[in-house]
There are 2 protein chains.
Amino acid sequence: MEFDDKVPIYFQIEQYIDREIIVGNLAPGAQVPAVRQLALTLTVNVNTIQRALAELIREGILVSERGKGNFVTTDTQVLAQMKKRVIQGELAGTYDHLASLGMAPAEMVAALEEYIKERKGGESHD
Amino acid sequence: MEFDDKVPIYFQIEQYIDREIIVGNLAPGAQVPAVRQLALTLTVNVNTIQRALAELIREGILVSERGKGNFVTTDTQVLAQMKKRVIQGELAGTYDHLASLGMAPAEMVAALEEYIKERKGGESHD
DNA sequence: ACCAGTGTAATAGCTAACTAGAACACTCGT
DNA sequence: ACGAGTGTTCTAGTTAGCTATTACACTGGT
């Protein structure tokens, strides 16, 4: 997996797992791949995986069962909150940044629409 | 100044100065505050300021004149490019993140509009 | 009882980011 | 020539993040 070297890997892994859950690749109650397996897949050290998972466990997103594995919580309330938090966080960051560039809310929407349009036009190559 | 401890301070300073230029607080040709002054204002070390400025100088956004100071370039072309790059980068990040959550472009626009609406409603407190 | 698979913890070492402090180089006004 | 203000460079030390490696603890199947 590729990481942005501007932000801690353990944090990016947290976000990665959040997304896997939101998208549905990891359903409520499902077992998360073993830490050693994740370490291989993401090509990072077990300790780094552990650090990411520890935070998710602390938040109640994951539940750890020693000797068995780590599992996605079945508390859909918690998962729904997490999803909302992730999306709101994304939008809030964009909003704040664009606002600090002197952009009005309406302009932000317009800019996003414009960006999407441009992106659709020229995404054949890569 | 407050920093996000998830990303290097020198990088956040780069972005801060980019924004000051885009907004117009730092006009083309204007002198940037002295490094020691910036260090005080932003409560970081001179070396950290230097590292941020060095990158901006490398990019041609700033021009360094030893003994005189650092100045915003008068090359409006470079500044326009920088502005576009900053805004596009912002939108691209949001787009990619939301797309990885399984969101379609139209939904992103809707989510942003929704967020703006909610924000307007409850931003009296703080 | 054993073993394979799992999570957990601890140690040691590396590097990037940041800080502190000092020294150096240049410009301008006097 | 000097001094104040500026950028530039260097050394030393701290901390956070990551890696490598090892050991420990628990579960479930045989």
Side-chain angles (χ1 to χ4, degrees), chain A residues 1-18 20-21 26-74, chain B residues 1-18 20-21 25-75:
Chain A
M1 178 165 172
E2 295 201 343
F3 295 102
D4 177 354
D5 64 357
K6 290 290 197 316
V7 26
I9 294 177
Y10 74 88
F11 189 71
Q12 296 183 60
I13 293 175
E14 283 182 48
Q15 296 178 318
Y16 165 73
I17 294 180
D18 279 348
E20 288 291 290
I21 294 174
L26 285 174
Q31 179 169 5
V32 176
V35 291
R36 291 175 182 78
Q37 181 56 50
L38 276 176
L40 284 178
T41 306
L42 305 180
T43 60
V44 295
N45 190 270
V46 178
N47 296 316
T48 307
I49 299 290
Q50 195 68 12
R51 173 151 186 189
L53 297 187
E55 178 62 16
L56 294 171
I57 289 165
R58 201 188 60 75
E59 293 173 358
I61 312 278
L62 298 185
V63 177
S64 172
E65 297 187 32
R66 198 184 185 111
K68 291 183 178 174
N70 293 307
F71 302 85
V72 178
T73 183
T74 54
Chain B
M1 178 165 172
E2 295 201 344
F3 296 101
D4 177 354
D5 64 356
K6 289 291 195 317
V7 24
I9 294 176
Y10 75 87
F11 189 70
Q12 295 183 61
I13 293 175
E14 282 182 49
Q15 297 179 319
Y16 165 73
I17 294 179
D18 279 347
E20 288 292 291
I21 293 174
N25 291 342
L26 286 174
Q31 178 169 6
V32 176
V35 292
R36 290 174 181 79
Q37 182 55 50
L38 277 176
L40 285 178
T41 306
L42 306 180
T43 60
V44 295
N45 190 270
V46 179
N47 296 316
T48 307
I49 298 290
Q50 196 67 10
R51 173 150 187 189
L53 296 187
E55 178 62 16
L56 294 171
I57 289 166
R58 202 188 60 75
E59 292 173 358
I61 312 277
L62 297 184
V63 177
S64 171
E65 297 187 31
R66 197 185 187 112
K68 292 182 175 175
N70 293 307
F71 302 84
V72 178
T73 182
T74 54
D75 186 336

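Here is how names work: the chains are called A, B, and so on, in the same order as the sequence lines, proteins then strands, and each is numbered from 1.
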Nearest-nucleotide wise, let me know which of Val35(A) and Lys6(A) is further upstream toward the 5' end of DNA chain C. Val35(A)
Min side-chain heavy-atom separation Asp4(B)-Val7(A) under 4.5 Å: no
Between dG7(D) and Arg36(B), counting only base atoms on the nucleotide and side-chain atoms on the residue, is there a donor-acceptor pair under 3.5 Å? yes
Among dA17(C), dG7(C), dT19(D), which nucleotide has an atom closest to any side-chain atom of Asn45(A)? dT19(D)
Please state how far atom CG in Asn70(B) lies from atom P in dT6(D), giving the value in whole angstrom units. 11 Å
Whole angstroms only, please: what is the CD-P distance between Gln37(A) and dT6(C)? 8 Å
pair Leu56(B)-Asp18(B): side-chain heavy atoms closer than 4.5 Å: yes
Here the distance between atom C1' of dG28(D) and atom CD of Glu65(A), to the nearest Å, is 13 Å
Among dT8(D), dA17(C), dT8(C), which nucleotide has an atom closest to any side-chain atom of Ile57(B)? dT8(D)
Taking atom types as they are modelled, would you say the side chain of Asn47(A) forms a donor-acceptor pair with the base of dA10(C) within the 3.5 Å cutoff? yes
Specify the separation, in whole Å, of atom CD1 of Ile49(B) and atom C1' of dT9(D). 16 Å
Can you spot which of Leu38(A), Val63(A), Ile21(A) makes a side chain to side chain contact (heavy atoms under 4.5 Å, CB included) with Val32(A)? Leu38(A)
Measure from the side-chain heavy atoms of Ala34(B) and tell me the nearest of dT8(D), dA17(C), dT6(D). dT6(D)
Looking at dA17(C), I'd like to know if its phosphate oxygens (OP1 or OP2) sit under 4.0 Å from a side-chain N or O belonging to Thr48(B). no
Interatomic distance, Asn45(B) atom CG to Ile49(B) atom CD1 [nearest 0.5 angstrom]: 8.5 Å
The side chain of Gln50(B) lies closest to which of these nucleotides: dT8(D), dC18(C), dT6(C)? dT8(D)
Measure OH/Tyr10(A) against P/dC18(D) and give the value in whole Å, please. 7 Å
Return the 5'-most residue of the pair Lys68(A), Pro8(A) with respect to DNA chain D, ranking by each residue's nearest nucleotide. Pro8(A)
What is the separation between atom CZ on Arg66(B) and atom P on dG5(D), rounded to the nearest whole Å? 19 Å
Rounded to the nearest Å, what distance is computed from the CG atom of residue Asp5(B) to the C1' atom of nucleotide dA16(C)? 15 Å
For residues Phe3(B) and Ile13(B), determine if any side-chain heavy atom of one lies less than 4.5 Å from a side-chain heavy atom of the other. yes
Nearest-Å distance, CG (Asp4(A)) to P (dA17(C))? 12 Å
